[in-house]
Amino acid sequence: MCDEHTVEDDAEFLQARGQGDGIAALSRRGFAALSVGALAGCTSMGDAGAEGATDVAESEVEITTPDGACDAYFVHPSKGKHAAVLVWPDIMGLRPAFRMMGKRLAHEGYSVLVVNPYYRTQKGAVLSEGESFSQPAVRERLMPMARSLNAETNATDANAFINWLDKQSVVDTGRKVGTTGYCMGGPFTMRTAAARPDRVGAGGSFHGGGVATDQPNSPHHLVPKMKASFLFAIAQNDDERDPQMKVRLREAYDAADLPAEIEVYPAQHGWCALDSAVYDEAQAEKAHARLVALLKTALA
């Protein structure tokens, strides 16, 4: 998950590439400022997509959970029923970048729900324009919110979200559900798959933090409860800090006889998020392609 080490890594990475003065450059960019190039990459679908879906419908929705009402973004092809995908954002929460990433999956032919993981604390965006995780004051605000979420809240939320999806007329309940997570959302995908093995058939963790640690409550210990195929796209600096993470994941999935694609990408933590200062278009496109390949197979 994002922390002070991530900020330091990003600052060094940007300085090495000659992009500004490290942390100050991160602050200037801000997570709300989407680049034109990133937007173009997200919205140019090329052909009609996975199921010929060129048009999508989108809406802001509220989902009742045991702890209140979660605000979320729901987007899906305008015609027909489609497999559902539940998206857990990174530590910066639900915002324009993740709405666009969800919309891209909808263009691929899926009914996509992007949730606000912080709904218990705050509705809507948790960052204002110009703010970024690189700013100490922002981290002081976000970290307690992130720590307020745990395995129990993940499981109850996942159950509520999947139940809601299954009631939507545009969701094909005859097909399994997929789930994706970024940064802190990586472990959420694993807990979702373990909480609802009856429904979750595929999961994707992108620069997920803490997915396989040496702690007894590590998400990888939940693998025996899952029935989902997984994709783990690991950031190079995360792998440098914990090279055993990929080993623990491989051992867990092999022991459970479940398919898992586990790869370290030559990119920094956060590279998949469109509004990240270290967004890497080439590696993000590769990760997206691998996700779509998994969903096509596992949710067929």
Side-chain angles (χ1 to χ4, degrees), residues 31-61 72-90 92-117 125 161 165 168 170-172 175-183 185-186 188-189 201-208 230-231 233 261 265 267 270-276 278-300:
F31 284 93
L34 297 175
S35 72
V36 173
L39 296 181
C42 182
T43 55
S44 55
M45 303 301 160
D47 57 21
E51 297 182 4
T54 55
D55 298 321
V56 299
E58 54 191 325
S59 59
E60 302 296 324
V61 300
Y73 171 69
F74 188 44
V75 57
H76 53 84
S78 57
K79 297 180 181 179
K81 293 176 178 285
H82 306 270
V85 177
L86 170 60
V87 178
W88 301 95
D90 61 24
M92 275 71 72
L94 177 59
R95 58 192 191 279
F98 273 86
R99 285 183 172 85
M100 297 191 69
M101 292 159 70
K103 192 171 186 178
R104 184 177 190 183
L105 275 181
H107 276 286
E108 298 280 3
Y110 299 95
S111 294
V112 183
L113 182 68
V114 188
V115 299
N116 169 18
F161 299 153
L165 282 165
Q168 306 311 303
V170 294
V171 170
D172 183 353
R175 298 171 65 182
K176 295 291 186 179
V177 173
T179 182
T180 67
Y182 301 76
C183 180
F188 292 10
T189 63
S205 168
F206 301 91
H207 39 86
F230 256 82
L231 164 66
E261 179 178 319
Y265 281 60
W271 89 85
C272 287
L274 285 172
D275 55 357
S276 170
V278 294
Y279 172 74
D280 186 318
E281 183 177 1
Q283 296 304 318
E285 286 298 304
K286 175 183 175 180
H288 176 78
R290 297 310 304 152
L291 172 63
V292 171
L294 172 64
L295 296 179
K296 285 182 178 178
T297 300
L299 305 186

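Index from 1, following the sequence.
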Side-chain contact test, heavy atoms from C-beta onward, threshold under 4.5 Å: evaluate it for Val56 versus Val112 and give yes or no. no
Side chain proximity check, Phe74 to Val170, heavy atoms < 4.5 angstrom: yes
I need the Cys272 SG to Glu285 CD distance, nearest 0.5 Å. 9.5 Å
Is it the case that the side chain of Arg95 and the backbone of Ala125 share a donor-acceptor pair, with hydrogens and angles ignored and the cut-off at 3.5 Å? no
Can you tell me if His76 and Gln168 form a side-chain donor-acceptor pair at under 3.5 Å? no
Keeping the roles fixed (side chain from Thr189, backbone from Thr179), state whether a donor-acceptor pair exists under 3.5 Å. no
Does a side-chain heavy-atom distance below 4.5 Å link Phe206 with Asp90? no
How long is the straight-line distance from CZ of Phe230 back to OG1 of Thr180, given to the nearest 0.5 Å? 10.0 Å
Rounding to 0.5 Å, atoms CZ (Arg99) and CD (Glu60) come to a distance of 4.0 Å
Measure the shortest side-chain to side-chain distance between His288 and Leu105 over non-hydrogen atoms and say whether it is less than 4.5 angstrom. yes
Name the orientation class of the two ring planes belonging to Trp88 and Phe161 (parallel below 30°, tilted from 30 to 60°, perpendicular beyond 60°). tilted
Cationic N near anionic O, under 4.0 Å, Lys286 to Glu261: no
Out of curiosity, Lys296 NZ to Glu108 CD, how far, rounded to the nearest 0.5 Å? 6.5 Å
Val177 vs Val171 side-chain heavy atoms within contact, under 4.5 Å: no
Phe98 and its side chain to side chain contact (heavy atoms under 4.5 Å, CB included) partner, picked from Val87, Leu274, Asn116, Val115: Val87
